[in-house]
Amino acid sequence: MTTAAITGVTARAVVTPMKRPLRNAFGIIDAGPLVLIDVTTDQGITGRSYLFAYTRLALKPLVLLVEEIGRELTGKALVPVDLMKLMDAKFRLLGWQGLVGMAVSGLDMAFWDALGQIAGKPVVELLGGSARPIPAYDSYGVLDAQADARTLRSACDENGFRAIKTKGGHGDLATDEAMIKGLRALLGPDIALMLDFNQSLHPAEAARRITRLADYDLTWIEEPVPQENLSGHAQVRERSEIPIQAGENWWFPRGFAEAIAAGASDFIMPDLMKVGGITGWLNVAGQADAASIPMSSHILPEASAHVLAVTPTAHFLEVLDFAGAILAEPLQVVDGKVTAKGPGLGLAWNESSVAKYQVT
C-alpha cells in the first residue's frame, strides 16, 4: 500500500459565539477564537483539526505558524510519528511551549484525521480500540446556584450529565465556599462536582481554601497554583483531602514525566493541543497507566473521545463547546457521555458558518 503524502496545509481564523460567557479567576471568555487546520493529501483527502487560541491576539501568528510549518512538510509522507520526530528536531533549540507547540499539535491531529479518512475508519480504530461512550462533565465558568439553577437542571436532566465543573478563585474563600455550598445543595449528593482555580492561588492559600471546601464532596480541585510550580502542586496535594487535578498546561510528554515524578497531582488532564496531538497523548497515556493515574481530557471533545477510548486509565471527558457553531455535525452528548465519531476524527466544517465567523 502506497503511503499518502502531504500536498498542502492551510489555516483559517474564526471567532465563534458562545452560549454563555465563561468567567474564571482572571476574567471572562466570551467567544471562541479558533484556528481551523486543513491538510490536503495526494489521496484526495483533507485532514482537519482545530485549535483554541484563548485570545484573538494569538490568531494571526498561530495561523501563520501552522501554514509556514505545513509548507516545509509538503511532499512528506503522512506518517505522524515520523513527522513528530522531524518537528522535534526542527524546534528543539527554540523550544516546544507556546504557539509553536500548539501548531505542531494541531498538525498532528489533522494528520491522524486524514489517515482515518483514507482508511474509512474512526481514528480510535486506527489506534487499536473501538468507539465507546466516555463519561463527560459539563464545564462552566463561575456558577451561581440560584441564577444558574435552570441551566444546571437541564444539563443533568436533559443531557444526562452526572458531573459539573465550576470555576473559583475569582473572590475570597467565603465567595468560593458560598458558591460550592449552593451548588452541592442544588445538585444533590449523586452529581460529581469539580472546582477549577485556574492557577490563581499560592500554595498556602490553596491549602487553606481546600481545607474549608473538603466537606462538600468535591471530585477534584483543579490547578490550584501556577502550572509550572510542580513543587507547589505537590505541597498542596500532600495537605489536601480532595484529589488534585492538573495537566492542561503541561507541555508534551516530557512535561508529564516531570510532573508525575514530582507527585504534582492525583489526576492528570492533558490538552491535545499542548501535549503533542494524538501522537503525544498516546505517550502520556502510557505514563498514566504505569503510574495508575486517572486521565481526563481538556477541551477539544471531538478528538478527545477518540484518544480517551484507548487510554487505560480514562476518567472524564470535558465538554466545553467552542466549535459547535462551525461544525457540520456538532458534538452530541447522550446520557452524559460522548462517543467518538468517524471517519477520522469526525470533523467537517460548516463552510457557511465558517465564512460568517472568519476573521482576517
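Remember, predicted model here, so these are calculated numbers, not experimental data.
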Exercise. Is there a chain of hydrophobic side chains (I, L, V, M, F, W, Y, each step under 4.5 Å between heavy atoms) that links M295 to V310?
Worked result: yes

Exercise. Taking the side chain from D42 and the backbone from A5, do they hold a donor-acceptor pair closer than 3.5 Å?
Worked result: yes

Exercise. What's the spacing between T74 OG1 and K76 NZ if we round to 0.5 Å?
Worked result: 10.0 Å

Exercise. In Å, rounded to the nearest 0.5 Å, how long is the span from CG of L62 to CZ of F52?
Worked result: 11.5 Å

For this session: Decide whether W220 and S296 meet the rule of one side-chain donor and one side-chain acceptor closer than 3.5 Å.
Result: no

Exercise. Taking C-beta and beyond as the side chain, do V354 and R12 meet within less than 4.5 Å on heavy atoms?
Worked result: yes

Exercise. Between R209 and E177, is there a salt bridge with N-O shorter than 4.0 Å?
Worked result: no

For this session: Kindly indicate whether the side chain of Q117, heavy atoms from C-beta on, has any atom under 4.5 Å from the side chain of R48.
Result: yes

Exercise. Run the side chain to side chain contact (heavy atoms under 4.5 Å, CB included) check on I69 and L107 step by step: do they pass?
Worked result: CA-CA 9 Å; I69 296 170; L107 285 165; 3.6 Å; yes

Exercise. For D38 and T40, does a side-chain donor sit closer than 3.5 Å to a side-chain acceptor?
Worked result: no

Problem set entry | Close side-chain approach of E67 and T10, heavy atoms under 4.5 Å | yes

Exercise. Run the side chain to side chain donor-acceptor pair (under 3.5 Å) check on E351 and W349 step by step: do they pass?
Worked result: CA-CA 5 Å; E351 289 295 345; W349 312 135; 4.9 Å; no

Exercise. Can you find a pair of side-chain heavy atoms, one from S49 and one from W112, that are under 4.5 Å apart?
Worked result: no

Distance-only donor-acceptor hits, side chain of residues 154-161, under 3.5 Å, sequence neighbours excluded:
unit_1	atom_1	unit_2	atom_2	d
S154	OG	E158	OE1	3.3

With a cut-off of 3.5 Å and sequence neighbours excluded, list every side-chain donor-acceptor pair involving residues 93-104.
unit_1	atom_1	unit_2	atom_2	d
W96	NE1	D88	OD1	2.9

Exercise. Is it true that M269 and L51 fall in one hydrophobic cluster, defined by side-chain heavy atoms closer than 4.5 Å?
Worked result: no

Exercise. Around atom CZ of R20, are there more than 12 heavy atoms of other residues, nucleotides or ligands at under 6.0 Å?
Worked result: yes

Exercise. Going through the checks in order, is the side chain to side chain donor-acceptor pair (under 3.5 Å) test met by E223 and N249?
Worked result: CA-CA 9 Å; E223 286 195 322; N249 290 300; 2.9 Å; yes

Exercise. Quick one: side chain to side chain contact (heavy atoms under 4.5 Å, CB included) partners of A259, sequence neighbours excluded?
Worked result: L230, W250, A264

For this session: Please lay out, stage by stage, how E302 and Y50 fare under the test side chain to side chain contact (heavy atoms under 4.5 Å, CB included).
Result: CA-CA 10 Å; E302 300 86 5; Y50 70 88; 2.6 Å; yes

Problem set entry | Close side-chain approach of V275 and W251, heavy atoms under 4.5 Å | no

For this session: Please step through side chain to side chain donor-acceptor pair (under 3.5 Å) for the pair S105 and D108, ending with a clear verdict.
Result: CA-CA 5 Å; S105 298; D108 181 84; over 6 Å; no

Seminar exercise, completed: Sorted by chain and number, sequence neighbours left out, ring-ring contact (aromatic ring centres under 6.0 Å, His included) with H170 holds for none

For this session: Let me know which of V35, V359, L36 forms a side chain to side chain contact (heavy atoms under 4.5 Å, CB included) with V14.
Result: L36

Exercise. Any side-chain heavy atom of E248 sitting closer than 4.5 Å to one from P270?
Worked result: no

Problem set entry | L282-I293 co-clustered via ILVMFWY side chain contacts under 4.5 Å | yes

Exercise. How does the hydrophobic cluster around I210 look, that is, which other residues are in it when side-chain heavy atoms under 4.5 Å mark a link?
Worked result: Y140, V142, L143, L152, I164, M179, I180, L183, L186, L187, I191, L193, L195, F197, L201, L213, Y216, L218, I221, V225, V236, I242, I244

Problem set entry | Heavy-atom side-chain proximity of I278 to H306 below 4.5 angstrom | no

For this session: Check the side chains of D148 and T151 for a donor-acceptor pair under 3.5 angstrom, ignoring hydrogens and angles.
Result: no

Exercise. Measuring from D217:CG to D215:CG, what's the distance to the nearest 0.5 Å?
Worked result: 10.0 Å

Counting only pairs under 3.5 Å, give me each side-chain donor-acceptor contact of residues 320-335, with atom names and distances, residues two or more places apart or in other chains.
unit_1	atom_1	unit_2	atom_2	d
D321	OD1	A323	N	3.3
D321	OD1	G324	N	2.7

Exercise. Can you tell me if T166 uses its side chain to pair, donor with acceptor, with the backbone of G141 under 3.5 Å?
Worked result: yes

Exercise. Do Y54 and P33 come close enough that some side-chain heavy atom pair is under 4.5 Å?
Worked result: no

Exercise. Donor-acceptor pair, D113 side chain versus L345 backbone, under 3.5 Å?
Worked result: yes

Problem set entry | K274 side, atom NZ; L300 side, atom CG - distance, nearest 0.5 Å | 10.5 Å

Exercise. Can S297 and W281 be said to form a side chain to side chain donor-acceptor pair (under 3.5 Å), step by step?
Worked result: CA-CA 10 Å; S297 65; W281 178 289; over 6 Å; no

Problem set entry | Check: I268 main-chain N/O paired with Q245 side-chain donor or acceptor under 3.5 Å | yes

Exercise. Going from OG1 on T360 to CG on L59, what distance comes out if it is rounded to the nearest 0.5 angstrom?
Worked result: 11.0 Å

Exercise. In terms of side-chain geometry, is the basic nitrogen of K165 or E318 positioned less than 4.0 Å from the acidic oxygen of its partner?
Worked result: yes

